[in-house]
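Just so it is clear: chains get the letters A, B, ... in the order the sequence lines come, proteins before strands, and each one is counted from 1.
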There are 2 protein chains.
Amino acid sequence: MKVANEQTTRDRIIETARQLFLTRGFAGTGIAAILKEAGVRSGSLYYFFKSKDELLVAVLDQYKGLLRPILIDPVEAATNDPIGRVFALLESYRGFLLETGCRMGCPIGNLALEISDTHDEARDRVRENFDAWCACVEGWLVDAGDRLPNDLDRAELARFVLTVMEGAQMQAKANKKIKAYEASITQLRHYFEMLESRAK
Amino acid sequence: MKVANEQTTRDRIIETARQLFLTRGFAGTGIAAILKEAGVRSGSLYYFFKSKDELLVAVLDQYKGLLRPILIDPVEAATNDPIGRVFALLESYRGFLLETGCRMGCPIGNLALEISDTHDEARDRVRENFDAWCACVEGWLVDAGDRLPNDLDRAELARFVLTVMEGAQMQAKANKKIKAYEASITQLRHYFEMLESRAK
DNA sequence: GTCTATAAGAGGATAGAC
DNA sequence: GTCTATCCTCTTATAGAC
């Protein structure tokens with residue numbers, strides 16, 4: 001067991017696999033590519049992970065840990081307005097799409113459709129990632145208090161926000177253009193505006 | 001060239017590949033599985049298609065031809081109400097999810113995320129499928145006339161309907177439960193109700 | 001914990017007879 | 001157009017020395 005530096009070989013493998021799964025998908029990423037990119041030999045990888053599937057699970061676990069530091073915390077630092085936070089989060093996905101030429105989008109969503117039918121354990125981790133994301137958004141919607149109608153189900157609306165983000169990033173990817181993403185967010189904003197005006 | 005029966009070997013290969021891509025994904029479907037399922041030898045498949053990628057393009061072309069007979073026509077036959085048609089279409093996806101234990105959902109969406117970054121020609125066909133779908137929905141929204149606000153962009157709202165359907169089916173797949181799909185459609189319906197009441 | 005070497009199989013694709 | 005046989009590459013994973 002190492003003591004001095006916890007950015008271990010294991011961490012480097014997970015980090016590298018995460019990047020490659022994001023750009024090429026799970027099936028599209030060979031073990032060889034991970035080894036090369038991480039500068040590691042296969043003996044090391046299989047010392048830490050029994051199989052490629054187990055590595056996938058570790059990657060999805062890492063995503064759970066990244067949600068707050070990478071996505072939620074910056075949004076909460078940027079604005080105190082609870083509904084503003086929802087759209088700031090969606091804006092950060094838009095920035096990510098633009099930076100990557102609409103190649104990426106939501107790393108979890110990309111994996112979700114690829115592995116949900118065939119990898120039960122990984123699918124559960126995808127679900128946990130989605131649940132954690134929705135819980136954060138739901139928290140903001142609860143914070144919005146009277147600005148939203150009282151009879152509106154906050155959890156259901158949070159799900160809806162995830163739905164819109166995932167569906168919108170899919171179309172940005174398929175079109176290699178940001179327009180469909182922006183159009184969808186515009187409609188969602190419109191919905192929120194109507195909810196807010198109805199709450200008054 | 002055959003004359004009597006146009007349900008040719010080529011058609012059977014495309015049909016079989018379509019089914020398998022739907023259940024196992026593109027990368028997850030081996031040529032061997034297609035051959036076995038279709039009862040065909042590899043010589044025949046490669047007589048009709050230069051490569052697996054070319055077969056994928058043929059499958060996506062077939063989907064374009066299936067859109068009206070399988071999805072749109074039944075919906076238009078079932079109801080004359082233009083907004084009712086939008087939700088009848090979403091209901092038919094719900095039925096498909098339920099029939100398949102939430103394993104499937106939208107065949108195009110499933111392929112979209114898998115191949116958009118790596119298969120340019122196939123990605124264009126995905127886009128064409130999405131465009132054709134949106135054009136149908138947009139037509140209904142135009143038919144809705146004064147029931148929707150005049151300043152509302154029908155094309156953008158049609159995009160939004162696709163966004164919600166795709167995002168919702170993704171979550172149904174990841175959760176292996178229909179609930180998130182239904183919750184999202186409920187929110188969309190709520191949005192439409194508010195649009196209709198605003199148009200009055 | 002990490003190295004090299006390699007097993008064992010599946011993948012897509014082709015050649016040439018019929 | 002369809003058949004059999006097969007090539008070749010890439011894949012995941014393991015064995016055993018260090």
> Checking all strands, does A/G30 fall into the base, sugar-phosphate, or nothing category for heavy-atom contacts under 4.0 angstrom?
Replying inline: sugar-phosphate
>> Is it true that A/E166 and B/Q171 share a donor-acceptor pair across their side chains at a distance under 3.5 Å?
In response: no
> CZ of B/F48 versus P of D/dT2: gap in Å, rounded?
Replying inline: 5 Å
> Between C/dA10 atom C1' and B/L35 atom CG, what is the distance in whole Å?
Replying inline: 14 Å
> If only atom types and distance count, is the side chain of B/E76 paired as donor or acceptor with the main-chain N or O of B/R85 below 3.5 Å?
Replying inline: no
> Roughly, in whole Å, what's the span from NZ in B/K36 to C1' in D/dC3?
Replying inline: 19 Å
>> I'd like to know if the side chain of B/S184 and the backbone of B/V164 have a donor-acceptor N/O pair within less than 3.5 Å.
In response: no
> Can you name the one residue among B/I185, B/L90, B/L188 that meets side-chain contact (heavy atoms from CB on, under 4.5 Å) with B/M165?
Replying inline: B/L90
>> In whole Å, I'd like the distance from the OH atom of B/Y47 to the P atom of C/dG16.
In response: 18 Å
>> Distance check needed: C/dG12 P versus B/L55 CG, whole Å only.
In response: 11 Å
>> For a quick test of reading the model: is some side-chain N or O of A/T9 closer than 4.0 Å to OP1 or OP2 of C/dG1?
In response: no
>> If I take atom NZ in residue B/K52 and atom P in nucleotide C/dA10, what distance separates them, rounded to the nearest angstrom?
In response: 15 Å
> If only side-chain N and O atoms of A/Y46 are considered, is one of them under 4.0 Å from the OP1 or OP2 phosphate oxygen of D/dA13?
Replying inline: yes
>> Quick check: on DNA chain D, is the nucleotide nearest A/F26 upstream (toward 5') of the one nearest B/R10, or the reverse? Name the residue that is more 5'.
In response: B/R10
> Does a nitrogen or oxygen in the side chain of B/R41 sit under 4.0 Å from OP1 or OP2 of D/dT4?
Replying inline: yes
>> Tell me the interatomic distance from B/I31, atom CD1, to C/dA10, atom P, rounded to whole angstroms.
In response: 16 Å
>> Could you tell me how far apart B/R12 (CZ) and D/dT2 (C1') are, to the nearest whole angstrom?
In response: 11 Å
>> Looking at B/S42, I'd like to know whether one of its side-chain N or O atoms comes within less than 4.0 Å of OP1 or OP2 on D/dT4.
In response: no
> Does B/R125 make a cation-pi contact with B/Y63, if we ask for NZ or CZ under 6.0 Å from the ring centre and within 45° of the axis?
Replying inline: no
